[in-house]
Amino acid sequence: MELKGIHHLTAVSADAPGNLRFYTDTLGMRLVKKTVNQDDVSAYHLFYADGMATPGSDITFFDWPAAPERRGTHSVVRTALRVAGEDALAWWTERFAEAGVKHAPVALQDGRATLEFEDHEGQRLALVDDGGAGEAHPWERSPVPADRQIRGLGPITMSVPDLEPTHLVLTRVMMMRPVRQYATADGAVHVYEMGEGGPAAELHVLVQPGMPQARLGAGGVHHVAFRSADADYDAWAARLRELRIPSSGKVDRYYFRSLYFREPNGVLFEIATDGPGFAADEPLEALGERLALPPFLEPRRAEIEAGLKPL
């Protein structure tokens with residue numbers, strides 16, 4: 001039993017129409033599920049991924065009327081997305097310049113060519129060269145050429161003031177492997193890997209003692225989810241229970257099954273299964289084209305649709 005990598009990352013937007021434009025038009029990702037927050041049906045939950053809605057490729061957003069995030073520690077501070085090759089990063093640099101996207105020059109970080117940028121709400125992102133390793137599932141209707149498209153999630157970077165309690169949970173509870181460290185202008189970063197490793201299966205922990213605590217808001221990250229094989233889900237639930245880790249218990253999100261808990265520095269983690277997947281209630285070729293609701297919310301469709309802002 002082991003985690004396989006990053007499953008998804010969920011962030012906060014206060015501008016759902018602008019969010020949709022940025023992630024589909026500018027970044028060329030596919031809207032694979034247009035649904036609602038199952039715990040707050042007044043808010044959209046938008047999922048963007050690759051052409052096949054592959055687990056590990058989606059960045060998702062809750063649409064909440066929130067003030068901007070107050071940046072700080074005890075939070076996820078950057079989300080990486082993978083592309084193939086340094087020539088792709090050069091292409092993206094030109095695209096960002098033309099579109100007025102705030103970005104830094106391409107730089108070598110942790111041995112990988114990296115292009116840091118932000119969306120229109122200050123969500124901190126990066127494109128990372130993954131060398132083209134592994135499968136890619138481009139979306140044929142993307143405005144971005146297939147060989148330049150985002151291939152999936154890369155390393156997720158979180159900030160903590162004190163490494164030790166987080167390290168214990170990552171290694172002893174979640175069975176991640178500490179593999180290396182590297183230095184940045186913001187502090188030392190400790191790299192943990194899962195499964196087969198590589199940029200799709202890494203969590204980077206930035207240590208920033210003395211930094212103020214972040215306050216969640218638009219442009220901030222709500223939680224990060226890690227991939228579990230479907231067959232291991234019950235064992236993960238039992239493991240959290242046996243180790244007396246306070247958690248949500250089993251939660252069926254219809255498209256995957258989840259377990260939520262906070263690591264000691266307060267960052268919300270989720271363990272999520274690969275299946276059943278986003279085609280559970282829509283044909284693969286039509287994902288994201290209509291408001292999808294899990295069966296327990298379907299009887300409230302008219303009420304829910306009336307409460308949502310047009311996209």
Side-chain angles (χ1 to χ4, degrees), residues 3-13 19 22-24 26-33 45-62 75-85 88-89 92 109-110 112-119 123-139 142 144 148-158 170 174 176 189 191-206 220-229 253 255-256 258 267-274 277-278 287:
L3 299 171
K4 300 195 289 181
I6 306 297
H7 186 281
H8 68 268
L9 178 129
T10 295
V12 178
S13 171
N19 182 271
F22 185 85
Y23 287 88
T24 58
T26 303
L27 293 190
M29 300 183 77
R30 183 183 184 188
L31 177 67
V32 297
K33 191 62 60 178
H45 192 179
L46 304 176
F47 292 75
Y48 307 100
D50 66 8
M52 295 289 289
T54 311
S57 72
D58 47 313
I59 182 170
T60 92
F61 290 86
F62 295 145
S75 66
V76 172
V77 296
R78 193 167 298 274
T79 302
L81 305 162
R82 294 178 288 108
V83 296
L89 293 178
W92 278 102
Q109 185 165 284
D110 187 32
R112 299 182 184 120
T114 301
L115 171 57
E116 294 185 346
F117 69 102
E118 296 183 6
D119 75 4
Q123 187 69 231
R124 287 169 285 179
L125 304 160
L127 295 178
V128 173
D129 174 18
D130 69 358
E135 294 183 356
H137 303 284
W139 179 36
S142 173
V144 174
R148 304 296 193 231
Q149 285 183 33
I150 290 167
R151 294 158 49 84
L153 287 167
I156 305 300
T157 303
M158 57 183 277
L170 296 181
M174 304 176 76
M176 295 186 193
V189 179
V191 179
Y192 297 81
E193 70 176 12
M194 299 155 271
E196 297 179 358
E202 290 177 357
L203 181 67
H204 293 203
V205 183
L206 169 64
V221 170
H222 187 269
H223 66 268
V224 57
F226 305 97
R227 292 178 61 195
S228 165
R253 294 301 189 193
Y255 308 112
F256 44 84
S258 300
V267 176
L268 183 59
F269 284 173
E270 176 184 354
I271 294 174
T273 59
D274 281 352
F278 291 117
L287 292 179

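Only this structure's heavy atoms are used, side chains among them; waters, hydrogens and symmetry mates stay out.
- Shown here for Ile6 and Gly154, the closest heavy-atom pair between the two residues is CG1-O, 4.0 Å.
- The shortest heavy-atom contact between Ser57 and Met29 is O-CE, 3.7 Å.
- Side-chain contact between Trp139 and Asp50 is absent, with no heavy atoms from C-beta onward closer than 4.5 Å.
- Residues Val144 and Leu27 form no side-chain contact, since every pair of their non-hydrogen atoms from C-beta on lies 4.5 Å or further apart.
- Panel note: side chain Arg78, backbone Arg124; no donor-acceptor pair is recorded below 3.5 Å.
- Between Ile271 and Phe269 the shortest side-chain heavy-atom distance does not fall below 4.5 Å.
- Considering only heavy atoms from C-beta on, Val128 stays 4.5 Å or farther from Asp110 through its side chain.
- Between the side chain of Glu202 and the backbone N or O of Val191, no donor-acceptor pair lies under 3.5 Å.
- A donor-acceptor contact shorter than 3.5 Å is absent between the side chain of Thr10 and the backbone of His222.
- With hydrogens and angles ignored, the 3.5 Å screen pairs no side-chain donor or acceptor of Arg148 with any backbone N or O of Val83.
- Taking the side chain as every heavy atom from C-beta outward, Val205 and Val189 never approach each other to under 4.5 Å.
- Partner Thr60 forms a side-chain hydrogen bond (donor to acceptor under 3.5 Å, both in side chains) with one of His45, Lys33, His8 and no other, that one being His45.
- Within the 4.5 Å cutoff, no side-chain heavy atoms of Met174 are placed close to those of Leu203.
- With salt bridges taken as basic N to acidic carboxylate O contacts below 4.0 Å, one links Asp274 and Lys4.
- The backbone N or O of Leu153 lies less than 3.5 Å from a partner atom in the side chain of Arg82, making a donor-acceptor pair.
- Residues Gly132 and Arg151 come closest through the heavy atom pair C-NH2, 3.3 Å.
- Separation of atoms OG1 (Thr24) and CZ (Arg30) is listed at 12.0 Å; rounding is to 0.5 Å.
- In terms of heavy atoms, Thr114 sits closest to Ala126 at CG2-CB, 3.9 Å.
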Between Met158 and Val224, is a side-chain contact (heavy atoms from CB on, under 4.5 Å) present by the stated rule, with each step listed? CA-CA 10 Å; Met158 57 183 277; Val224 57; 5.9 Å; no
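- Ring geometry, Phe47 versus Tyr255: the interplanar angle exceeds 60°, so the pair is classed perpendicular (tilted spans 30 to 60°).
- Residue Met52 places its CE atom among 12 or fewer non-hydrogen atoms of other residues, nucleotides or ligands, all under 6.0 Å distant.
- Here the CG atom belonging to Leu31 is positioned 9.0 Å from the CG atom belonging to Leu287, to the nearest 0.5 angstrom.
- If you take CD on Glu118 and CD on Gln123, they are separated by 9.0 Å, rounding to the nearest 0.5 Å.
- Taking CD1 of Ile156 as the start and CZ of Phe226 as the end, the distance is 8.0 Å to the nearest 0.5 Å.
- Looking at every heavy atom in both residues, Ser258 comes nearest to Ala272 through OG-CB, 4.4 Å.
- The two residues Ser75 and Val267 make their nearest non-hydrogen contact at N-CG2, 3.7 Å.
- Proximity of Tyr23 to Leu46: side-chain heavy atoms (C-beta onward) are nowhere separated by under 4.5 Å.
- Side chains of Phe256 and His7 form a contact here, defined as non-hydrogen atoms less than 4.5 Å apart.
- Distance check: Thr79 OG1 to Leu9 CG gives 4.0 Å after rounding to the nearest 0.5 Å.
- Rounded to the nearest 0.5 angstrom, Glu193 CD and Leu3 CG are separated by 12.5 Å.
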